[in-house]
Engineer: 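Here it is, the structure, as structure tokens.
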Amino acid sequence: MLLPLLALGVLASSGGAQAPKIIAQRDISFAPRTVTIKVGEQVIFRNDDPFGHNVYSPAQESIFDIGLQEPGTETPVTFAVPGEFTIQCRIHPKMRAKVTVTE
């Protein structure tokens with residue numbers, strides 16, 4: 001399992017950061033399907049389904065894989081570089097979302 005901290009160059013939280021955006025896993029889909037954040041901000045991946053998901057981003061420059069996420073859990077990921085990142089589930093390949101990270 002790749003750690004999101006290492007792969008994304010996680011930044012320490014700062015007082016000026018916005019509240020994290022939440023992408024829920026619900027009904028075998030991501031909701032919302034797109035979010036926009038600034039560099040250094042977090043997205044919280046929350047599993048609202050009654051079964052596990054494996055959320056990851058295949059982006060070469062900023063890959064992360066949170067591993068098996070059990071139902072009812074939340075996993076924060078901080079994005080340290082700008083770009084558009086496809087988010088997928090290894091267990092349910094049709095699940096896709098996009099995180100846009102701006103300067």
Side-chain angles (χ1 to χ4, degrees):
M1 172 173 91
L2 296 174
L3 298 176
L5 321 161
L6 182 62
L8 289 177
V10 170
L11 303 174
S13 57
S14 63
Q18 296 290 321
K21 303 276 184 167
I22 296 174
I23 296 180
Q25 300 143 61
R26 183 180 312 124
D27 300 325
I28 310 177
S29 64
F30 290 113
R33 297 189 88 175
T34 63
V35 298
T36 300
I37 61 172
K38 292 185 179 186
V39 168
E41 292 182 341
Q42 287 186 338
V43 174
I44 294 176
F45 294 95
R46 183 177 66 211
N47 187 351
D48 290 336
D49 270 330
F51 40 80
H53 290 288
N54 179 201
V55 179
Y56 77 104
S57 175
Q60 233 176 347
E61 67 279 357
S62 295
I63 192 167
F64 73 90
D65 184 340
I66 65 173
L68 181 63
Q69 186 176 21
E70 296 294 335
T73 62
E74 294 183 344
T75 303
V77 175
T78 302
F79 290 79
V81 296
E84 287 189 357
F85 302 93
T86 300
I87 308 299
Q88 296 174 256
C89 174
R90 288 191 195 282
I91 300 168
H92 306 99
K94 292 183 181 182
M95 289 177 64
R96 290 182 182 252
K98 181 175 75 171
V99 175
T100 301
V101 182
T102 62
E103 293 283 342

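This is a predicted model, so every value here is computed, not measured.
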Engineer: Is Asp65 close to Asn54 at the side-chain level, that is, under 4.5 Å between some pair of heavy atoms?
Structural biologist: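 The answer is yes; the side chains approach within 4.5 Å.
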Engineer: Look up atom OG1 in Thr75 and atom CD in Gln69, then write down how far apart they are to the nearest 0.5 Å.
Structural biologist: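 So the gap between those two atoms works out to 4.0 Å.
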Engineer: Please state whether the rings of His92 and Phe51 are parallel, tilted or perpendicular, taking 30° and 60° as the class boundaries.
Structural biologist: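 Tilted: the ring planes of His92 and Phe51 meet at 30° to 60°.
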Engineer: Mark yes or no for whether Thr78, through its side chain, and Glu41, through its backbone, hold a donor-acceptor pair below 3.5 Å.
Structural biologist: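 No: the side chain of Thr78 does not pair with the backbone of Glu41.
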Engineer: Check whether Asp48 reaches the backbone of Gln25 with its side chain - one donor and one acceptor, N or O, closer than 3.5 Å.
Structural biologist: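 Side chain of Asp48 to backbone of Gln25: no pair is present.
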Engineer: Minimum heavy-atom separation for His53 to Cys89, with atom names?
Structural biologist: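 In terms of heavy atoms, the two residues are closest at ND1-SG, 3.5 Å.
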Engineer: How close do Ile37 and Val43 get, heavy atom to heavy atom, and via which atoms?
Structural biologist: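 Heavy atoms only, the tightest pair is CD1-CG2, 3.9 Å.
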Engineer: Find out whether Leu68 and Ile91 are in side-chain contact, i.e. whether some heavy atom of one side chain is under 4.5 Å from a heavy atom of the other.
Structural biologist: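 They are in side-chain contact.
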Engineer: To the closest 0.5 Å, what do you measure between OG1 (Thr34) and CD1 (Ile87)?
Structural biologist: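 Spacing of OG1 (Thr34) from CD1 (Ile87) equals 11.5 Å.
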Engineer: Could you list who else is in Ile22's hydrophobic cluster, with ILVMFWY side chains joined at under 4.5 Å, directly or through other members?
Structural biologist: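 Once heavy-atom contacts under 4.5 Å are chained together, Ile22 belongs with Ile44.
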Engineer: Does any non-hydrogen side-chain atom of Glu74 lie less than 4.5 Å from one of Phe45?
Structural biologist: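 A side-chain contact under 4.5 Å is absent here.
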Engineer: Check for a donor-acceptor pair, side chain of Asn47 on one end and backbone N or O of Thr73 on the other, with a separation under 3.5 Å.
Structural biologist: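 Absent.
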Engineer: Kindly state each residue pair satisfying side chain to side chain donor-acceptor pair (under 3.5 Å) with at least one member in residues 93-103, sequence neighbours excluded.
Structural biologist: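 As it turns out, there is no side chain to side chain donor-acceptor pair (under 3.5 Å) pair with a partner in residues 93-103 once direct neighbours are skipped.
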Engineer: Tell me, do Val99 and Ile23 make a side-chain contact under 4.5 Å, heavy atoms counted?
Structural biologist: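 Answer yes - side chains close enough.
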Engineer: Counting neighbours of CZ on Arg90 that are heavy atoms of other residues, nucleotides or ligands and sit closer than 6.0 Å, is the number greater than 12?
Structural biologist: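 Yes, enclosed.
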Engineer: Does Phe85 belong to the same Ile/Leu/Val/Met/Phe/Trp/Tyr cluster as Ile66, with side-chain heavy atoms less than 4.5 Å apart forming each link?
Structural biologist: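 Linked within one cluster.
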Engineer: Do you know the tightest heavy-atom contact between Gln88 and Pro93?
Structural biologist: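 Nearest pair, atom of Gln88 first, then Pro93: NE2-O, 4.4 Å.
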Engineer: What pair of heavy atoms forms the shortest contact from Pro32 to Ala97, and how long is it?
Structural biologist: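 Closest pair (atom of Pro32, atom of Ala97, distance): O-CB, 4.4 Å.
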